[in-house]
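Reading through the structure tokens given below for one structure.
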Amino acid sequence: MKSSIAIIFCFLILGVDSQRWIQFLREAAQGSKDMWRAYSDMKQANWKNSDKYFHARGNYDAARRGPGGAWAAKVISDAREGIQKFTGRGAEDSRADQSANKWGRSGKDPNHFRPAGLPKKY
């Protein structure tokens, strides 16, 4: 249901024609994969104080895909932080995460948040 609402929204509100529509959806899918990869890497690395780096990196990679990727990154980031707030986890941490998310989506270097010693493969 939610994806159909998103599709209708993009079609009607954003006024995307069919070619850009397909490209937008492709970018959104690729951006979602970028976000998942950053999350998976964060879990795999299990590195102290690396959370903000992976937030920024996932958003950065997704936003570089184009408007669809940036849209997917924002939706995923907002949903994740919304769930954190709902479950009562730290509001201050959530604000810091959102700041890192915005940093990455704006095209700024995610390495700004990279913790010392984090393996180069990340």
Side-chain angles (χ1 to χ4, degrees):
M1 178 74 173
K2 290 182 182 180
S3 61
S4 63
I5 292 171
I7 290 169
I8 292 169
F9 173 79
C10 293
F11 184 68
L12 296 175
I13 305 301
L14 298 177
V16 245
D17 63 26
S18 61
Q19 278 295 36
R20 286 189 286 167
W21 171 248
I22 293 168
Q23 182 178 351
F24 183 88
L25 291 176
R26 185 178 305 119
E27 291 168 357
Q30 292 169 336
S32 297
K33 287 179 186 176
D34 291 331
M35 295 292 287
W36 179 256
R37 186 173 45 255
Y39 176 77
S40 298
D41 286 350
M42 179 179 68
K43 292 296 184 189
Q44 181 183 30
N46 194 25
W47 200 265
K48 188 175 182 179
N49 299 320
S50 66
D51 182 41
K52 306 304 178 266
Y53 165 73
F54 287 107
H55 277 268
R57 197 195 83 193
N59 278 269
Y60 176 84
D61 291 344
R64 288 177 50 107
R65 301 284 185 178
W71 174 81
K74 180 164 179 30
V75 169
I76 291 168
S77 296
D78 289 348
R80 182 183 182 279
E81 298 310 320
I83 290 169
Q84 259 191 317
K85 285 181 186 177
F86 180 74
T87 59
R89 297 177 77 183
E92 188 173 320
D93 184 54
S94 182
R95 279 192 297 276
D97 288 348
Q98 284 290 47
S99 178
N101 293 336
K102 288 177 188 173
W103 179 279
R105 273 195 311 272
S106 71
K108 296 178 182 173
D109 186 6
N111 287 313
H112 172 78
F113 296 99
R114 188 180 188 85
L118 181 67
K120 293 200 183 287
K121 81 178 211 174
Y122 303 111

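This structure is a prediction, so every number in the text was calculated from the model and none was measured.
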>> Assigning hydrophobic clusters by single linkage (Ile, Leu, Val, Met, Phe, Trp, Tyr; side-chain heavy-atom cutoff under 4.5 Å), is Met42 placed with Ile76?
In response: no

>> Are Glu81 and His55 packed together at the side-chain level, in the sense that at least one heavy-atom pair is separated by less than 4.5 angstrom?
In response: yes

> Tell me, which pairs form a salt bridge (Lys or Arg N to Asp or Glu O under 4.0 Å) where one or both residues lie in residues 37-58, sequence neighbours left out?
Replying inline: Asp34-Arg37, Asp41-Arg57, Lys52-Asp93, Lys52-Asp97, Arg57-Asp61

> Got a sec: does the OH of Tyr122 have more than 12 other heavy atoms crowding it under 6.0 Å?
Replying inline: yes

>> As a quick check of understanding, evaluate side chain to side chain contact (heavy atoms under 4.5 Å, CB included) for Asn59 and Lys102, giving each step before the final call.
In response: CA-CA 8 Å; Asn59 278 269; Lys102 288 177 188 173; over 6 Å; no

> How far does CG of Asn101 sit from OG of Ser106, to the nearest 0.5 angstrom?
Replying inline: 11.0 Å

> Closest approach of Trp47 and Pro115, non-hydrogen atoms and distance?
Replying inline: CD1-CG, 3.7 Å

> How about Arg80: does its CZ atom have over 12 heavy atoms from other parts shown lying under 6.0 Å from it?
Replying inline: yes

>> So Ser77 and Met35, do their side chains get closer than 4.5 Å, heavy atoms only?
In response: yes

> Strictly by modelled atom types, are Trp36 and Ser32 linked by a side-chain donor-acceptor pair under 3.5 Å?
Replying inline: no

> What pair of heavy atoms forms the shortest contact from Ala62 to Ala73, and how long is it?
Replying inline: CB-CB, 3.7 Å

>> Is there a side chain to side chain contact (heavy atoms under 4.5 Å, CB included) between Gln44 and Lys121? Walk through the geometry before answering.
In response: CA-CA 11 Å; Gln44 181 183 30; Lys121 81 178 211 174; 3.7 Å; yes

> Parallel under 30°, tilted from 30 to 60°, perpendicular over 60°: which one fits the rings of Trp103 and Phe113?
Replying inline: perpendicular

>> Please report the interatomic distance CG(Leu25) to CD(Gln30), rounded to the nearest 0.5 Å.
In response: 11.0 Å

> Hey, quick one: are Val75 and Phe54 part of the same hydrophobic cluster, counting side-chain heavy atoms closer than 4.5 Å, chains of contacts allowed?
Replying inline: no

> Using the ring of each side chain (for Trp, its six-membered ring), is Trp21 parallel, tilted or perpendicular to Phe24, with breaks at 30° and 60°?
Replying inline: parallel

